[in-house]
Number of protein chains: 2
Amino acid sequence: MTARSHIMPKQTYFNLTPDKRETFLVAAINEFADHDYPTASISRVCKTAGIAKGSFYQYFEDKKDLLLYLIQLGLEEKKALVASIELPDPNGGFFESLRSTFTLQVGHSLQHPRLAEVAHRAFYGALPFKDEMIEGLKQAGVEAYRGMIQKGMADGSLRPDIDIDAATFVISTVFTELSRYLEKQLGLDNKAMFTRELTDEQWAEASRHFDGILRLLESGLIN
Amino acid sequence: MTARSHIMPKQTYFNLTPDKRETFLVAAINEFADHDYPTASISRVCKTAGIAKGSFYQYFEDKKDLLLYLIQLGLEEKKALVASIELPDPNGGFFESLRSTFTLQVGHSLQHPRLAEVAHRAFYGALPFKDEMIEGLKQAGVEAYRGMIQKGMADGSLRPDIDIDAATFVISTVFTELSRYLEKQLGLDNKAMFTRELTDEQWAEASRHFDGILRLLESGLIN
DNA sequence: CTAAATTGTGACCGGGCGGTCATATGACCG
DNA sequence: CGGTCATATGACCGCCCGGTCACAATTTAG
C-alpha cells in the first residue's frame, strides 16, 4: 500500500538503481526546464538519459505524469528547505514575513534553479490540460500574498488605506520574477548547474539587492 | 521599389482583396495570440482563414516572417496611437511620464488585445530564432524605464538614492503585466473581441486601478 | 479570342512527436 | 538446469507539422 498524493511514477521507476534514476531525473528536469510542456520531448529525454522510449512508459503513465511528478519533487525540496530554516517571528510584521518569503522562495530558486524553472513553466506557461494541484498552487501563491498584506494592514505594519488588489498584484508579480532578477545581478547562469550552493558572499549580495527592492516597496520612489 | 523595414509579406499578399486579407489577418493574429511560436500552426491558420496551405506561402516566406510582420503591424498601431494622443509635458516629472506610458502602453493593449498578446508572446516566450528587431525592442523597453528613472532622479521628482537596477526591475516587471491586471479588474475577456473601444467609464475605472498602483510606487506600502 | 502572367490548390515530402507492443534480456528461484 | 517474472528495447503506428511543387484556375494584355 503506497500512500500517494495522486500522481506517482510506477513501481518500476522506484526499482531503478539510484544512479540510473538520477541520470533520468536530470535529463527530465533539464528538458522541462528548457522547453514548455508542448515542446518538451519525451523522445529527447530518453535519448539524453540513454534509455529506450519503451522504458520510459514502464516508469510513467505518460508525459503529463512525468511533469506532475517533477513538480511534486520541487515541492518536496521546498518543504525540506522550509523545515531546515528557522523562521522569524510570524508576528514581526509584514516586511518580516516578506523577508521570510524571500528567503524561502528565492533561496529555493537559487539552489535548485532547474527544478524551479520547471515549476515556473508549469505555472505560467501553456498546459494542454487542467490539473488541480497546479491550479491550487497558483491560487494559493497569490492568496498568500494577499493574506500577508491584509494581516499587515490589520497589525499596523502597513498603512490601512492600501489598494489591496493593486498591492497583491505588485508584490506577487515582483516576487514571481525576483529570482531571475537576482540571478542576473549575481551573474549566475541558470543552465550551468543543476543544484548550486551560494557562498555566504553571494547570499549577502542577493540580500542587498533584495533590500533595494524592499526599500522601494516600503517607502516608494519618492520618500 | 518598395522601401521595407526588412520584413514584409510578398507582393501577392498586398494584392489580396481587403476582406480576404482581413480574414487571413484575424486568423493569423488569433493563432499567434493563442499559441506561442513553436505551437502556432500555419496549417491551422490556413484552415481558419479558408485558404490553401500553398497560398500562404505565396504571401509569406515562412512562419517566421508572418510573426515578424504581425509584430510590425502592432508597432504601427502603437505609433498611430502615439500620434493620436497629445502627450503631457515631458518635463512634468517621473510620474507624469509614467502616466503617459500607461496611457500608451496599456491603452494599446486594451484596444488591441490580440495583437498585444502576439507581441507579448514574441517578447517573453520561446522563439527558435534570434531576431534583431525583437531583441532591440525588448532592450529598448527596459532601457526606456531606466532612462525615465534616471531623469526623475536628476530632476528631483524621485529621491536621489534609489537603487536604479531594482527600480527598473520593479517598474518594468509591473508594467509588463499591468494590462493583464487591468483586464482582470475590469472583467474584460482577451479572446472575446479582436479590437475594442473602452467606454469612458471603463477607461476611468482602469485609471483608478492604475492610480492605486501608482500610489504604491510613489509612496510605498507604509506611508 | 488567345496568349501570357498571376494566383490558387492540395497532394506530397521528410521529420518529429506521444504512445504501443511483440519480443528479447536477464534476474531470481526451485 | 528450467521456468517464471520483471524489465529493457526499438520498430512501428497514427498524427500533425512546415514547406514544396506540379498543375489548375483566373486575371490581364494584346
Side-chain angles (χ1 to χ4, degrees), chain A residues 2 7-25 27-28 30-32 34-70 121-122 125-129 131, chain B residues 2 7-25 27-28 30-32 34-70 121-122 125-129 131:
Chain A
T2 31
I7 290 301
M8 275 299 199
K10 301 180 184 177
Q11 184 57 45
T12 313
Y13 171 78
F14 294 108
N15 294 342
L16 251 31
T17 59
D19 62 317
K20 264 198 108 175
R21 207 165 49 219
E22 175 79 8
T23 304
F24 170 80
L25 256 184
N30 276 326
E31 180 70 15
F32 280 88
D34 286 335
H35 311 275
D36 61 1
Y37 185 85
T39 318
S41 156
I42 298 297
S43 303
R44 219 155 28 199
V45 171
C46 292
K47 213 179 301 173
T48 307
I51 65 172
K53 197 139 128 236
S55 295
F56 169 81
Y57 288 93
Q58 308 241 32
Y59 306 152
F60 292 88
E61 210 57 56
D62 54 20
K63 187 182 180 180
K64 176 178 85 171
D65 273 19
L66 171 57
L67 173 61
L68 293 179
Y69 173 64
L70 295 182
R121 278 191 195 279
L127 292 186
F129 58 87
D131 179 74
Chain B
T2 32
I7 289 299
M8 276 298 199
K10 302 180 183 176
Q11 185 57 45
T12 313
Y13 171 79
F14 293 108
N15 294 343
L16 250 31
T17 60
D19 62 314
K20 265 197 106 174
R21 206 165 48 218
E22 175 79 8
T23 304
F24 170 80
L25 256 184
N30 277 326
E31 179 71 16
F32 280 88
D34 287 336
H35 307 92
D36 61 359
Y37 185 85
T39 317
S41 156
I42 298 296
S43 304
R44 221 157 25 203
V45 171
C46 292
K47 213 179 302 172
T48 306
I51 66 172
K53 196 138 128 238
S55 295
F56 170 81
Y57 288 93
Q58 308 238 33
Y59 306 151
F60 292 88
E61 210 57 59
D62 54 21
K63 188 181 180 180
K64 177 178 85 171
D65 272 19
L66 171 57
L67 173 62
L68 294 180
Y69 173 64
L70 295 182
R121 279 193 195 278
L127 292 185
F129 57 87
D131 178 75

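Within every chain, numbering begins at 1; the chains are lettered A, B, ... in the order of the sequence lines, protein sequences first and strands thereafter. Please read these numbers as outputs of a predicted model, since none were measured by experiment. Atoms considered below: every heavy atom in the structure, side chains included; atoms not considered: hydrogens, waters and symmetry mates.
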Please state how far atom [atom1] in [X] lies from atom [atom2] in [N], giving the value in whole angstrom units.
| X | N | atom1 | atom2 | result |
| --- | --- | --- | --- | --- |
| B:E31 | D:dC17 | CD | C1' | 12 Å |
| A:F24 | D:dA8 | CZ | P | 12 Å |
| A:Q58 | C:dT23 | CD | P | 16 Å |
| B:E61 | D:dG19 | CD | P | 10 Å |
| B:F60 | C:dG8 | CZ | P | 13 Å |
| A:K20 | D:dT7 | NZ | P | 11 Å |
| A:K10 | D:dT7 | NZ | P | 11 Å |
| B:K63 | D:dG19 | NZ | P | 7 Å |

Any side-chain N or O of [X] under 4.0 Å from OP1/OP2 of [N]?
| X | N | answer |
| --- | --- | --- |
| B:K53 | C:dG10 | no |
| A:Y57 | C:dG19 | yes |
| B:N15 | C:dT7 | yes |
| B:T12 | C:dT7 | yes |
| B:Y59 | C:dG8 | yes |

Within the structure shown, what part of the strands sits under 4.0 Å from [X] by heavy-atom distance: base, sugar-phosphate, or nothing?
| X | result |
| --- | --- |
| A:K64 | nothing |
| A:K47 | nothing |
| B:S55 | base |

Among side-chain atoms of B:T39 and B:D36, is any donor-acceptor pair under 3.5 angstrom?
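There is such a pair (donor and acceptor under 3.5 Å, judged by atom type) between the side chains of B:T39 and B:D36.
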Restricting to non-hydrogen atoms, name the atom on B:K63 and the atom on B:P38 that form the minimum distance, rounded to 0.1 Å.
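The pair with the smallest heavy-atom distance is NZ-O, 3.5 Å.
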Taking all non-hydrogen atoms of both residues, which atom of B:F14 and which atom of B:M8 are closest, and how far apart?
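Result for this residue pair: CZ-SD, 4.1 Å.
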Nearest-nucleotide 5' precedence on DNA chain C, A:G54 against A:Y37:
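Counting from the 5' end, the first nearest nucleotide belongs to A:Y37.
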Candidates D:dA8, D:dG18, C:dG18 - which lies nearest the side chain of B:I42:
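The nucleotide sitting nearest to the side chain is D:dG18.
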Counting only Watson-Crick or G-U wobble pairs whose two distances fall under 3.5 Å, which nucleotide matches D:dA11?
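C:dT20 - that is the nucleotide pairing with D:dA11, both distances being under 3.5 Å.
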Do the ring centers of A:F32 and A:Y69 come within less than 6.0 Å of each other?
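They do not qualify: ring centres at least 6.0 Å apart.
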Determine, for A:Y59 and A:K10, whether the Lys NZ or Arg CZ falls below 6.0 Å from the six-membered ring centre while staying within 45 degrees of the axis.
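That pair does not qualify as a cation-pi contact.
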